[in-house]
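Have a look at the structure below before the remarks.
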2 protein chains.
Amino acid sequence: MTIKEICAKYGITADTLRYYERVGVIPAVRRTKGGIRSYSAEDEKWVENAVCMRNAGVPIEMLIEYVKLFQEGDETLEARRNLLMEARVTVQENLDKYQATMDRLNYKISRYDVALKTGVLSWDDCEDDLKKDK
Amino acid sequence: MTIKEICAKYGITADTLRYYERVGVIPAVRRTKGGIRSYSAEDEKWVENAVCMRNAGVPIEMLIEYVKLFQEGDETLEARRNLLMEARVTVQENLDKYQATMDRLNYKISRYDVALKTGVLSWDDCEDDLKKDK
DNA sequence: ATACTACTTGGAGTCAGCTCCAAGTCAAGT
DNA sequence: ACTTGACTTGGAGCTGACTCCAAGTAGTAT
């Protein structure tokens, strides 16, 4: 697989892919005699993983650390698992925040829909409360 | 409410709060004669909303646009609803990506747990596949 | 052989979103 | 009156994550 094919498949640019390799977000990719990157199935798995993790805001640094540990071999199994668990906490927290925001957006939009349908504004001061009776 | 109290309550710094006001993520806050910010209940609602939206990655620009429309009055009701719906699409997409990453992390961690418990590595080449029989 | 295109490198530049800083002001305490 | 400390401003600086660029090379087409 060429860099172009991988880019197209995973929706990132060649620059990003080269950057990931340079800083260690993915391990070094093999080259042809001419020096051109040739992505193996394993390379592709690493790319897929990196893209997925980055999509969820897992920081570059964490991915670099994981790759480093992976390359150090089996003694780092536990360290890698701990790293993954750390990442999971972060992602879960963000997931919760995103869900809270979805709830807020849905509520606000529903209020706007009513206002637009009836022509009447059902709020007078600031419309930005969620009617959370705390 | 002082800037300090608002900061503490919403977990952001005074610098961020002033920055939000400066660029228009929240409307201008009233001041005492001495020029010190005094947050009203409405101001606080705007802050709460901004923090919530930012936590879900809604871009600053979108929040600024919303505040601007809000201040222009009732003719912008529909524009504001459209903006919210746009934001909702973005947040939902991110939510899906985060969920996909959670699934991947859970799978990977479960594999590590097995490997650590049995002392046996259940993979030999690259462990980064999700066994998705595509 | 020459031109063309797609790749390569290292390094510099960009962008969003803060974050920090210097210099100044104000209210309260001594 | 003076010090202290929390606030104010505008602007500069920082960070993470790309993104772009110039200069060079390798393989293919004519």
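Hydrogens, waters and symmetry mates play no part in the numbers below; they use all other heavy atoms, side chains included. The structure displayed is predicted, hence computed values, not measured ones.
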Tell me the interatomic distance from [X], atom [atom1], to [N], atom [atom2], rounded to whole angstroms.
X	N	atom1	atom2	value
A:Lys4	C:dT8	NZ	C1'	15 Å
A:Tyr39	C:dC7	OH	C1'	11 Å
A:Leu17	C:dC7	CG	P	12 Å
A:Arg30	C:dC7	CZ	C1'	19 Å

Checklist entry - How would nucleotides 9-23 of chain D be written as a contact map, 5' to 3', with B for base contact, S for sugar-phosphate-only contact and - for no contact, using protein heavy atoms under 4.0 Å? => result BBB-----BBBB---
Item to check | Evaluation steps, salt bridge (Lys or Arg N to Asp or Glu O under 4.0 Å), between A:Arg37 and A:Glu21 | outcome: CA-CA 11 Å; A:Arg37 286 172 181 79; A:Glu21 185 177 346; 2.7 Å; yes
Item to check | Check against side-chain hydrogen bond (donor to acceptor under 3.5 Å, both in side chains), A:Glu44 and A:Tyr10 | outcome: CA-CA 9 Å; A:Glu44 200 180 329; A:Tyr10 294 101; 2.9 Å; yes
Checklist entry - Got a salt bridge between B:Arg104 and A:Glu48, using NZ or NE/NH1/NH2 to carboxylate O under 4.0 Å? => result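 Result for this pair is yes, salt bridge flagged.
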Checklist entry - Is the distance between the ring centroids of A:Tyr39 and A:Trp46 under 6.0 Å? => result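 So the answer is no for these two rings.
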Next on the checklist: Under a 3.5 Å cutoff, is there a donor and acceptor pairing between the side chains of B:Asp96 and B:Gln92?
Outcome noted: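 Their side chains do contain a donor-acceptor pair, which is all the 3.5 Å distance test asks for.
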Item to check | Gap separating the CD atom of A:Glu78 from the CG atom of A:Leu83, nearest 0.5 angstrom | outcome: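 Output value for this atom pair is 12.5 Å.
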Checklist entry - Are side-chain heavy atoms of A:Ile26 and A:Val67 found at a separation under 4.5 Å? => result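 A:Ile26 vs A:Val67: side chains apart.
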Item to check | Backbone of B:Leu84 reached by a side-chain donor or acceptor of B:Arg80 within 3.5 Å | outcome: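 No.
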Heteroatom pairs (N/O) under 3.5 angstrom, protein to nucleotides 27-30 of chain C:
none

